[in-house]
Novice: 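Could you have a look at this structure, given as C-alpha cells, before my questions?
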Number of protein chains: 2
Amino acid sequence: MGYLRIGELARLTDTNNETLRFYESRGLLEEPRRSDSGYRLYTQAEVLRVHFILRAKRMGFSLKEIDELLSLRVDKELNTCGTVKELAEHKLLEIDMKIKELNRMKDALQQITDACCGGEESAIHCTILNALDAE
Amino acid sequence: MGYLRIGELARLTDTNNETLRFYESRGLLEEPRRSDSGYRLYTQAEVLRVHFILRAKRMGFSLKEIDELLSLRVDKELNTCGTVKELAEHKLLEIDMKIKELNRMKDALQQITDACCGGEESAIHCTILNALDAE
DNA sequence: CTGTACCTTATAGTAAGCTTTAGGGTTTAT
DNA sequence: ATAAACCCTAAAGCTTACTATAAGGTACAG
Ligand SMILES: [Zn+2]
Ligand SMILES: [Zn+2]
Ligand SMILES: [Zn+2]
Ligand SMILES: [Zn+2]
C-alpha cells in the first residue's frame with residue numbers, strides 16, 4: 001500500500017523501466033524491496049532520489065559523479081560543504097574548459113566559413129576546403 | 001623509393017598505425033598500394049590527407065562528416081562552395097547549440113555553488129545538495 | 001479463463017573513435 | 001643468423017548512458 005512499481009516510478013520521473021534498472025545496476029538507486037512475486041517496490045524517497053539524479057545530470061555531472069554526490073547526500077551530517085563544493089567546482093572547471101574548446105572550434109570554423117562565397121561555382125577556390133588543406 | 005610505410009606516416013602526422021588503419025576502414029583513407037609483402041605504401045598525398053582529417057577534427061567535424069568533406073575535396077571542380085559552406089554552417093550551428101547548453105549548465109551550477117559556504121561543518125544545509133534535492 | 005498490461009532476468013546492441021590482443025610474417029642491423 | 005623493430009589480419013575491448021531483445025512469470029479486468 002503506497003508502494004510504487006517500477007513503471008509508476010518511471011512515469012513519475014519521466015524516465016523508463018530500463019533506465020531505472022540501469023541506474024540500480026550502477027549503484028545510483030539502491031536495491032529496492034520486492035513484492036512476493038519479485039516486483040520492485042519503491043517509495044516516495046526514490047522519486048526524490050531519481051529527481052536528484054536528473055537534476056545533477058542537467059548540471060553536467062556524469063553518473064559516476066552523481067553516485068558520489070548521492071553518497072554525500074545520504075549522510076549529509078557526516079560530510080562537509082567543503083567536500084561537496086570541491087566536486088562542484090571541479091565540474092565547473094570541466095564545463096568551462098569544454099566551452100573554451102568549443103569556442104576555439106567555433107571561431108576557427110567561423111573564420112574560414114565567412115570567407116567562403118557559398119556560391120554555385122566550383123569549389124576549387126573554396127576557403128573552407130583550402131584552409132583544411134593548408135600546411 | 002619515396003614510399004612511406006604506415007609507421008612513417010603515423011610519425012609524420014602524429015597519429016599511430018592503428019588509427020590510420022582505422023581511418024582506412026572508415027573510408028577516410030583510400031586503400032593504399034601494397035609492397036610485395038603486403039605492407040601499406042603511402043605517398044606525400046596521404047600526409048596531406050591525414051592532416052586534412054586532423055584539422056577537420058579540430059574544427060569539430062565527426063569522422064562521418066570528414067568523409068563527406070573529403071569526397072568534396074577530392075573533386076573540387078565538380079562541387080560547389082554552396083555545398084561545402086552548408087556543411088560548415090550546419091556544424092557551426094551544432095557547436096553553438098553545445099556552447100549554449102554548456103553555458104546553461106554552468107550558470108545553474110555556478111549559482112548553487114557560489115551559495116555554498118564550502119566550510120568544514122556538516123553538509124546538512126549545503127545549498128548544492130539542497131538545490132539538487134529541491135522539488 | 002483468457003487477454004493484456006505489467007513485471008522479471010540475462011544478454012546483446014548502439015553511438016563514436018579509437019585501442020588492445022592474439023597470432024603470425026618481414027625487414028634491417030649486427 | 002638472430003634479435004629488434006616493423007608490418008599484417010581479425011576480433012575483441014573500451015567508454016558513457018542507455019536501449020532492445022528474448023524468454024519468460026504475474027496481476028487483473030471482463
Ligand atoms: Zn566560393
Ligand atoms: Zn567555399
Ligand atoms: Zn555550508
Ligand atoms: Zn555546501
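Proteins come first, then strands; the chains are lettered A, B, ... in the order of their sequence lines, and each starts at number 1.
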Novice: Below 4.0 angstrom from OP1 or OP2 of D:dA17, is there any side-chain N or O of A:T19?
Specialist: no
Novice: Listed by chain and number, what are the side chain to side chain donor-acceptor pair (under 3.5 Å) partners of B:T13, not counting sequence neighbours?
Specialist: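 Scan of B:T13 (side chain to side chain donor-acceptor pair (under 3.5 Å), adjacent residues dropped) gives B:T15.
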Novice: Under 4.0 Å from OP1 or OP2 of C:dT8: is there any side-chain N or O of A:R21 that close?
Specialist: yes
Novice: Please determine whether a side-chain nitrogen or oxygen atom of A:Y23 lies at a distance below 4.0 Å from atom OP1 or OP2 of D:dC18.
Specialist: yes
Novice: Looking only at side-chain atoms of B:S62, point me to the closest of D:dC7, C:dC7, C:dG17.
Specialist: C:dG17
Novice: Can you measure B:I6 atom CD1 to C:dT19 atom P for me and round it to whole angstrom units?
Specialist: 13 Å
Novice: Could you check how far CZ of A:F22 sits from C1' of C:dT8, rounded to whole Å?
Specialist: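 Distance, rounded to whole Å: 19 Å.
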Novice: Taking only the side-chain nitrogens and oxygens of A:R34, find out if one of them lies under 4.0 Å from OP1 or OP2 of C:dT9.
Specialist: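 For C:dT9, OP1/OP2 do have a side-chain N/O of A:R34 under 4.0 Å.
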Novice: Are OP1 or OP2 of C:dT19 and a side-chain N or O of B:N16 less than 4.0 angstrom apart?
Specialist: yes
Novice: Between A:K57 and D:dT16, does any side-chain N or O lie under 4.0 Å from OP1 or OP2?
Specialist: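 Looking at the OP1 and OP2 atoms of D:dT16, neither is under 4.0 Å from any side-chain N or O of A:K57.
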Novice: Could you give the distance from CD1 (A:I66) to CE (A:M59), rounded to the nearest 0.5 Å?
Specialist: 10.5 Å
Novice: Go through D:dT9, D:dC18, C:dT9 for me and flag the one nearest to the B:R40 side chain.
Specialist: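 Among D:dT9, D:dC18, C:dT9, the one nearest the side chain of B:R40 is D:dT9.
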Novice: Rounded to the Å, how far apart are A:L28 CG and D:dT16 P?
Specialist: 12 Å
Novice: From the list C:dT8, C:dT19, D:dA17, which nucleotide is the closest neighbour of the side chain of A:Y39?
Specialist: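 Of the candidates, C:dT8 comes closest.
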Novice: Rounded to whole angstrom units, what separation is found between the CD atom of B:E65 and the P atom of C:dG17?
Specialist: 9 Å
Novice: Just to confirm, is there a sub-4.0 Å distance from OP1 or OP2 of C:dT26 to any side-chain nitrogen or oxygen of B:S35?
Specialist: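 Looking at the OP1 and OP2 atoms of C:dT26, neither is under 4.0 Å from any side-chain N or O of B:S35.
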Novice: Any idea which of D:dA17, C:dC18, C:dT19 is nearest the B:E18 side chain?
Specialist: C:dT19
Novice: Check every strand shown and say whether A:R5 touches a base, only sugar-phosphate, or nothing at a heavy-atom separation below 4.0 Å.
Specialist: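 Sugar-phosphate contact only.
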Novice: Give a yes/no answer on whether the side chain of A:S37 brings an N or O atom under 4.0 Å of OP1 or OP2 in D:dA27.
Specialist: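 Yes.
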Novice: Could you tell me the separation between the CG atom of A:L41 and the C1' atom of D:dT26, rounded to a whole number of Å?
Specialist: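 Distance, rounded to whole Å: 13 Å.
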Novice: Got a second to check how far A:T43's OG1 is from A:R49's CZ, nearest 0.5 Å?
Specialist: 10.5 Å
Novice: How close or far is atom P of D:dT16 from atom CG of A:L63, stated in whole angstroms?
Specialist: 9 Å
Novice: Taking the six-membered ring of A:Y3 as reference, does the cationic atom of A:R33 (NZ for Lys, CZ for Arg) lie under 6.0 Å from its centre and within 45° of its axis?
Specialist: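 So A:R33 does make the cation-pi contact.
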Novice: In whole Å, what is the span from the CZ atom of A:R33 to the P atom of C:dC7?
Specialist: 16 Å
Novice: Are B:E68 and B:S71 close enough, and set up right, to give a side chain to side chain donor-acceptor pair (under 3.5 Å), and what steps lead you there?
Specialist: CA-CA 5 Å; B:E68 285 189 78; B:S71 326; over 6 Å; no
Novice: Without hydrogens or angle criteria, can the side chains of B:E86 and B:T83 be said to hold a donor-acceptor pair below 3.5 Å?
Specialist: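 Checked: B:E86/B:T83 side chains show no N/O donor-acceptor pair below 3.5 Å.
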Novice: Rounded to whole Å, please give me the gap between CG in B:N17 and P in D:dC8.
Specialist: 7 Å
